[in-house]
Amino acid sequence: MTEFKLPELGENIEQGELVRLLISPGASITEGQPVMELETDKAVVEVPSSISGVVKEIRVKQGEKIKVGQVIFTLENGAGGVTKTSSPEKASAPLAPLEPKPAAPATPSAQPDRRKSASVGPTEFRLPELGENISEGELVRLMIAPGAKVAEGQPVMELETDKAVVEVPSPISGVVKNVLVTQGEKIKVGQVIFTLEGAAPSQPEPSRHAPVEHISEQHEARLSLQAALRAEGKAEHEALPPDLPQPAEPAFTMPSQLGKVAGTENRGPVPAAPHVRRLAREVGIDIHDVNGSGPGGRISEDDVKAHAKSLLTSAATAAQASRGPVFTAPELPDFSKWGTVERVSIRGVRRKTAEHLWQAWTTVPHVTQQDKADTTELEQLRAKFAPKAEQAGGKMTVTAIALKVCASALKIFPQFNASIDLGKDEIVYKQYINIGVAVDTNRGLLVPVIRDVDKKNIVELAAELTQLSQKAREKKLTLAEMEGGTFTITNLGGIGGTGFSPIVNYPEVAILGLSRSSMEPVWSNGKFEPRLVLPLSLSYDHRLIDGADAARFLRWIAEAFEQPFLLSVQG
């Protein structure tokens, strides 16, 4: 086995960033053949191989910083000047910057087909977009292993996001070569999950991260010319041939760019690579305003991103200041002074619940209304019709009945089936009734949504509620099954309690809480009688709902529990 190490690149140049790799495992290379393009502080250079052989293993990745003397790849049957025992000093002479490509096409013998060589080797499967505002998830279960065959559309993993556990299908077919993640690991969108052999790689989306194999010859010439101009101390936009592609205008403008005066683009050169400058242009940042963290103040992509984040944070802070003060949690004491402690990360559903409830509590001015319903007769009916619900695959629970009761109440009191939009000074009345039901799971609180509750009978609702609750506990709920609610019911009666104050599930405006039913003495017909009483708790958004309306709404619900015939007459 022979190792190829990065040779000396020039005086005072100790490292460079890998722009493009021109080889892949299994490819045959000859001495003097270009194997990679490297960007140093001064220029983009082609690095030729000083040995011949068949590439066995590549030990670097595109975008990686590589130091002089670092092993780039290994060869089998290698012959040439650099082996395991050779030193970098004897590798080769300093390399010259890339020159712009001539207009005439190179012959096959003079110029290897880089696109062909780049397509050889395994195909990477990266975590796709999972949904709006979802950037990562925790790997719950991996359904593939090295050597397994994968078909297009086949589920390959289960991922737990902040909202649900989702199955992720593969968009390509092939045989799994390497699995690069482990169960329980946090995986980000775009991260490589596994590699496939025998798979046809999909056409990459055009972006600044697109493989360099797809960059045009003109763009390669532009990169070389930019490097040469920087070496001469000129700005990038100066003296470029008109036929070269120009950088796209930024998609949006950062806060720091507002009010920029003309002429600032002619300031002195900044130590930054072309792709870093391009990123700054794309996000609307003046590269001159970015502080570089690299040697000699060199600016990296992370520096650009950090500067952009700082600007956005400052803008958000200024906007918030105009709205009023924000509560900041006080710093906690050192609990370990009084005994042993354990810290556990807030993850998955628990973290999302914390964020959502904090938003709801700080946004909605809550008021909770209490009442009681005599459900003695209702309990008799529930027991009578329970077998029908079981035949349909459900259970005739109080929650299932409450779904129908609330749907009828929402028709009579439409302000409880609405949302408030103060930004537009509007009330949004929904013409549909979708009710969410809070489900207690070992991962935290989940709220599946039953749609068109007003159009279904109690038996149908009981069956659907049972199915969704089971899916929630088995981690099979989808994001779509937890969206679109207009009202929420939460039932703690199975655990206990005589009442509580549920938090409104924003942007809804009300939530009904059910507690444990109990036998109570009720004065009726001149005497006390034992009656089954159900405690009710209604929390609501006082910006839209007045106390009197809430009392009427909750009393209507209580009477519907007490007199089920009302559902037929008024519902």
Side-chain angles (χ1 to χ4, degrees), residues 364 366-375 377-378 381-382 385 388-389 392 394 396-421 426-438 447-465 468 481-491 502 504-514 534-571:
V364 176
H366 283 69
V367 178
T368 302
Q369 180 80 22
Q370 309 283 352
D371 208 331
K372 292 181 179 180
D374 184 344
T375 58
E377 280 76 19
L378 181 67
L381 291 173
R382 188 180 74 84
F385 290 99
K388 285 191 175 182
M396 185 65 73
T397 62
V398 174
T399 306
I401 298 173
L403 280 166
K404 192 63 179 177
V405 170
C406 290
S408 299
L410 292 173
K411 284 186 174 181
I412 298 173
F413 300 88
Q415 67 268 42
F416 288 82
N417 198 55
S419 290
I420 185 169
D421 187 349
E426 294 176 345
I427 300 173
V428 183
Y429 290 98
K430 292 119 180 185
Q431 306 302 314
Y432 53 90
I433 297 177
N434 299 338
I435 299 181
V437 179
V447 186
V449 175
I450 298 177
R451 305 186 184 283
D452 300 321
V453 178
D454 55 318
K455 299 177 183 178
K456 300 171 183 176
N457 60 45
I458 296 178
V459 172
E460 292 172 330
L461 294 172
E464 189 170 347
L465 175 61
L468 286 176
E481 291 172 323
M482 293 188 288
E483 296 175 338
T486 61
F487 186 85
T488 299
I489 297 174
T490 175
N491 188 348
V504 174
N505 188 18
Y506 182 81
E508 299 168 15
V509 294
I511 179 172
L512 177 67
L514 308 178
L534 172 65
L536 304 173
S537 305
L538 176 74
S539 292
Y540 54 92
D541 188 338
H542 210 348
R543 297 176 300 175
L544 181 60
I545 298 170
D546 296 330
D549 289 334
R552 295 187 189 99
F553 178 79
L554 192 56
R555 183 90 292 266
W556 192 99
I557 288 177
E559 291 177 356
F561 275 117
E562 294 170 349
Q563 307 172 50
F565 186 64
L566 279 178
L567 295 178
S568 300
V569 176
Q570 299 186 35

A.B. asks: Can you name the side chain to side chain contact (heavy atoms under 4.5 Å, CB included) partners of Lys388, sequence neighbours left out?
C.D. replies: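 Side chain to side chain contact (heavy atoms under 4.5 Å, CB included) check on Lys388 returns Phe385, Val459.
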A.B. asks: For Glu508, check side-chain hydrogen bond (donor to acceptor under 3.5 Å, both in side chains) against everything at least two apart and list the hits.
C.D. replies: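 side-chain hydrogen bond (donor to acceptor under 3.5 Å, both in side chains) check on Glu508 returns Thr488.
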A.B. asks: Return yes if a side-chain donor-acceptor contact under 3.5 Å exists between Asn491 and Thr399, otherwise no.
C.D. replies: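 Yes, a side-chain donor-acceptor pair sits under 3.5 Å.
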A.B. asks: Are Phe553 and Leu538 side-chain neighbours, meaning at least one heavy-atom pair lies under 4.5 Å?
C.D. replies: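 They are in side-chain contact.
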A.B. asks: Using the side chain to side chain contact (heavy atoms under 4.5 Å, CB included) criterion, which residues pair with Val453? Sequence neighbours excluded.
C.D. replies: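 So Val453 forms a side chain to side chain contact (heavy atoms under 4.5 Å, CB included) with Leu403, Ala407, Ile433, Ile435, Ile450, Leu461.
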A.B. asks: Once salt bridge (Lys or Arg N to Asp or Glu O under 4.0 Å) is applied, do any residues pair with Glu481, and if so which ones, sequence neighbours excluded?
C.D. replies: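 If we apply the salt bridge (Lys or Arg N to Asp or Glu O under 4.0 Å) test to Glu481, skipping adjacent residues, the hits are Lys471.
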A.B. asks: Considering only heavy atoms from C-beta outward, does the side chain of Trp556 approach that of Ser408 to under 4.5 Å?
C.D. replies: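 With C-beta onward as the side chain, the pair touches.
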A.B. asks: Side chains of Met396 and Ile401: does their closest heavy-atom pair fall under 4.5 Å?
C.D. replies: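 Yes, their side chains come closer than 4.5 Å.
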A.B. asks: List for me each residue that meets salt bridge (Lys or Arg N to Asp or Glu O under 4.0 Å) alongside Arg451, sequence neighbours excluded, and say none if there are none.
C.D. replies: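 Partners of Arg451 under the salt bridge (Lys or Arg N to Asp or Glu O under 4.0 Å) test: none.
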A.B. asks: Could you check if a side-chain atom of Thr375 sits within less than 4.5 angstrom of a side-chain atom of Glu562, using non-hydrogen atoms only?
C.D. replies: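 No - every pair of side-chain heavy atoms lies 4.5 Å or more apart.
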A.B. asks: Answer whether the closest heavy-atom distance between the side chains of Ile545 and Val509 falls below 4.5 Å.
C.D. replies: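 Yes; the side chains approach each other to less than 4.5 Å.
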A.B. asks: Checking Leu512 against Ser537 for the side chain to side chain contact (heavy atoms under 4.5 Å, CB included) test, could you report, in this order, the C-alpha distance in whole Å, the side-chain angles of both residues, the deciding distance, and whether it holds?
C.D. replies: CA-CA 6 Å; Leu512 177 67; Ser537 305; over 6 Å; no
A.B. asks: List the residues meeting side chain to side chain contact (heavy atoms under 4.5 Å, CB included) with Pro535, not counting sequence neighbours, and say none if there are none.
C.D. replies: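 In terms of side chain to side chain contact (heavy atoms under 4.5 Å, CB included), with neighbours along the sequence ignored, Pro535 is linked to Ser515.
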A.B. asks: Taking only residues two or more places apart in sequence or in another chain, which ones pass ring pair (Phe, Tyr, Trp, His ring centres under 6.0 Å) with Phe561?
C.D. replies: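 So Phe561 forms no ring pair (Phe, Tyr, Trp, His ring centres under 6.0 Å) with any residue.
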A.B. asks: For Asp371, give me all partners under side-chain hydrogen bond (donor to acceptor under 3.5 Å, both in side chains), at least two apart in sequence or on another chain.
C.D. replies: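 Expected list: Arg555.
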A.B. asks: Answer yes or no: is there a donor N or O on one side and an acceptor on the other, between the side chain of Asn417 and the main chain of Lys430, under 3.5 Å?
C.D. replies: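 Side chain of Asn417 to backbone of Lys430, a donor-acceptor pair under 3.5 Å: yes, one is there.
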A.B. asks: Enter the distance from Ile557:CD1 to Leu534:CG here, rounded to the nearest 0.5 Å.
C.D. replies: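 Rounded to the nearest 0.5 Å, the CD1-CG separation comes to 10.5 Å.
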A.B. asks: Return the set of residues passing salt bridge (Lys or Arg N to Asp or Glu O under 4.0 Å) with Asp452 (not counting sequence neighbours), or none when no residue passes.
C.D. replies: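 Partners of Asp452 under the salt bridge (Lys or Arg N to Asp or Glu O under 4.0 Å) test: none.
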A.B. asks: Can you list everything that forms a salt bridge (Lys or Arg N to Asp or Glu O under 4.0 Å) with Glu464? Sequence neighbours excluded, please.
C.D. replies: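 Listed in chain order: Lys456.
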A.B. asks: For the residue pair Phe416 and Thr486, establish whether any side-chain heavy-atom pair is separated by less than 4.5 Å.
C.D. replies: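 SC-SC contact between Phe416 and Thr486 ruled out.
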A.B. asks: Quick check: does any side chain N or O of Asn434 sit under 3.5 Å from a backbone N or O of Gly484, one acting as donor and the other as acceptor?
C.D. replies: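 Pair found, side chain donor or acceptor close to backbone of Gly484.
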A.B. asks: Return the set of residues passing side-chain hydrogen bond (donor to acceptor under 3.5 Å, both in side chains) with Asp454 (not counting sequence neighbours), or none when no residue passes.
C.D. replies: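 Asp454 satisfies side-chain hydrogen bond (donor to acceptor under 3.5 Å, both in side chains) with no other residue.
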A.B. asks: Not counting sequence neighbours, which residues clear side chain to side chain contact (heavy atoms under 4.5 Å, CB included) with Arg543? List them please.
C.D. replies: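 With neighbours one apart ignored, the set is Thr363, Val364, Pro365, Ile420, Leu422, Tyr506, Asp541.
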A.B. asks: For Ser539 and Thr368, which I'm curious about, is there any donor-acceptor pair between the side chains at under 3.5 Å?
C.D. replies: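 Short answer, yes.
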A.B. asks: Please lay out, stage by stage, how His366 and Val504 fare under the test side chain to side chain contact (heavy atoms under 4.5 Å, CB included).
C.D. replies: CA-CA 8 Å; His366 283 69; Val504 174; 3.6 Å; yes
A.B. asks: Using atom types as modelled and distance alone, determine if a side-chain donor or acceptor of Thr490 lies under 3.5 Å from a backbone N or O of Ala438.
C.D. replies: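 It does not hold such a pair.
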A.B. asks: Do the non-hydrogen side-chain atoms of Val447 and Val437 ever get within less than 4.5 Å of each other?
C.D. replies: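 Answer no - side chains too far apart.
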